[in-house]
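Written out below as structure tokens is the structure these notes cover.
We name chains A, B, ... by the order of the sequence lines, and we start the count at 1 in each one. Computed from a prediction, not measured in an experiment: that's the story for all the values here.
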Number of protein chains: 2
Amino acid sequence: MGKGATTREAIVSQALDRAVQVGLSGLSLGPLADDLNLSKSGLFAHFKSKETLQLAVLQEAINRFTARVVEPGLRTPRGRARMELLIHRWFDWIEGEPGMRGCLFSVAAQEYDDRPGAIHDLLVGSQLQWQETLARMAADLPRGGPLPADMCQQVAFEVTGSVLAFQQQTKLFKAPKARAWAETAVARILDDAANAV
Amino acid sequence: MGKGATTREAIVSQALDRAVQVGLSGLSLGPLADDLNLSKSGLFAHFKSKETLQLAVLQEAINRFTARVVEPGLRTPRGRARMELLIHRWFDWIEGEPGMRGCLFSVAAQEYDDRPGAIHDLLVGSQLQWQETLARMAADLPRGGPLPADMCQQVAFEVTGSVLAFQQQTKLFKAPKARAWAETAVARILDDAANAV
DNA sequence: GAGTTTTTAGCACGACCGGTCGTTTTGTCT
DNA sequence: AGACAAAACGACCGGTCGTGCTAAAAACTC
């Protein structure tokens, strides 16, 4: 891998760290360049525009989420085990990757839910895809047969709610019992789904 | 009410509208002044600093939430009826006050969860208080007696999760079925709590 | 209606923003 | 080792930001 690709990766990685704290739209080139001992223009040369950098950062978060959460799930047997591993990994992701404080998706969702553009599209597309993955996994929960489609969406909705509440309790309130509450909530959701058919 | 107080209210109201879209930290004085046909310095004179304006905006959101959600709840008989009205109003709040697109609390939570200061303190304090209110209301759910404290917190957690997921589905995905999913989730949470004792 | 206080506008400041440019350094390949 | 391309630099642009200062205009008081 050439020098250019190396520093580009370093830039995106550092920008991801920063974006979690100041937001994706709050990214600013100058301080980011200082972090990496780069000049602002030297950094900028790697991306034709700020939006390109933001898109790269968001895509990096998507890749990490896929590697850390989705793929391990697909390597686990279908059914409840897969679903539980997926959610467990998701909780870990919210608590923060090593050194990374928080979840970029939640931050960007608040910034770009009503701001049209490429960032909005990439964010919504990836999140929608994850939501559909969750629903697909929910179908395998009952032993008696596949869960109906509308109930799969309901499960995906409720699991997402547990994760979002977990994040609020963890990041905003610093509540020590957050994970316990979340696990309890998820267990009941999965139990109900498993016994629904 | 004097002229000063009138325009000050108009400023805060307009600033609240803007803050929901661009964030509380993303507020900028110039465009805000233009909205109100005021000069930037004329607007600024009403607040000693930008942070003072931001605090006023956040406090205004708290006041509106209290008037629109909390107080109607307290005027409803204790028990499930009160809880359901509270949550119902909360959903309405998320869908957006007349003309106001979205919930400032969710936006600000992502911006200020790790940024110390007066805004963080006001936000966390008010949200924590609301969480405790929810838990207190949950105690009256069972007919057989008050719900134990830890289960009240669990109910508050799960209801919050439903509301957060509802917001994501509504604002980010524009999902038409969001409210139906949310109502289903809440109904099951309240049913379980009612039969727990 | 005169006088006082409050409210507003105009202007300027220093800092920072994303982005451009020409130049110099560094890496890579033969 | 020399040639060429890639990468990084530093100065700079127009613009916007929050924030003071001063004076005019408007609102309130008696």
Between [X] and [Y], do the side chains contain an N or O donor and an N or O acceptor separated by less than 3.5 Å?
{"X": "Asn63(A)", "Y": "Gln59(A)", "value": "yes"}
{"X": "Glu158(A)", "Y": "Gln154(A)", "value": "yes"}
{"X": "Ser13(B)", "Y": "Arg64(B)", "value": "yes"}

(request) Specify the residues of residues 110-119 of chain A, ordered by number, for which at least one heavy atom lies under 4.0 angstrom from an atom of DNA chain C. (result) none

(request) Keeping the roles fixed (side chain from Gln54(A), backbone from Leu24(A)), state whether a donor-acceptor pair exists under 3.5 Å. (result) yes

(request) Could you run through nucleotides 4-21 of chain C and give me one letter per nucleotide, 5' to 3': B if any protein heavy atom sits under 4.0 Å from the base, S if only the sugar-phosphate is that close, - if neither? (result) ---SBBBB-----SBBBB

(request) Return each pair, listed once, that meets ring pair (Phe, Tyr, Trp, His ring centres under 6.0 Å) where at least one residue sits in residues 6-44 of chain A; pairs must be two or more places apart or across chains. (result) none

(request) Provide, to the nearest angstrom, the distance between the CG atom belonging to Leu53(B) and the P atom belonging to dC17(D). (result) 14 Å

(message) Quick check: Trp130(A) with Phe65(A) (ring centres under 6.0 Å apart)?
(response) yes

(request) Side-chain contact test, heavy atoms from C-beta onward, threshold under 4.5 Å: evaluate it for Arg75(A) versus Glu71(A) and give yes or no. (result) yes

(request) Kindly give the heavy-atom pair with the smallest separation between Pro31(B) and Arg18(B), and that separation in Å. (result) CB-NH2, 3.7 Å

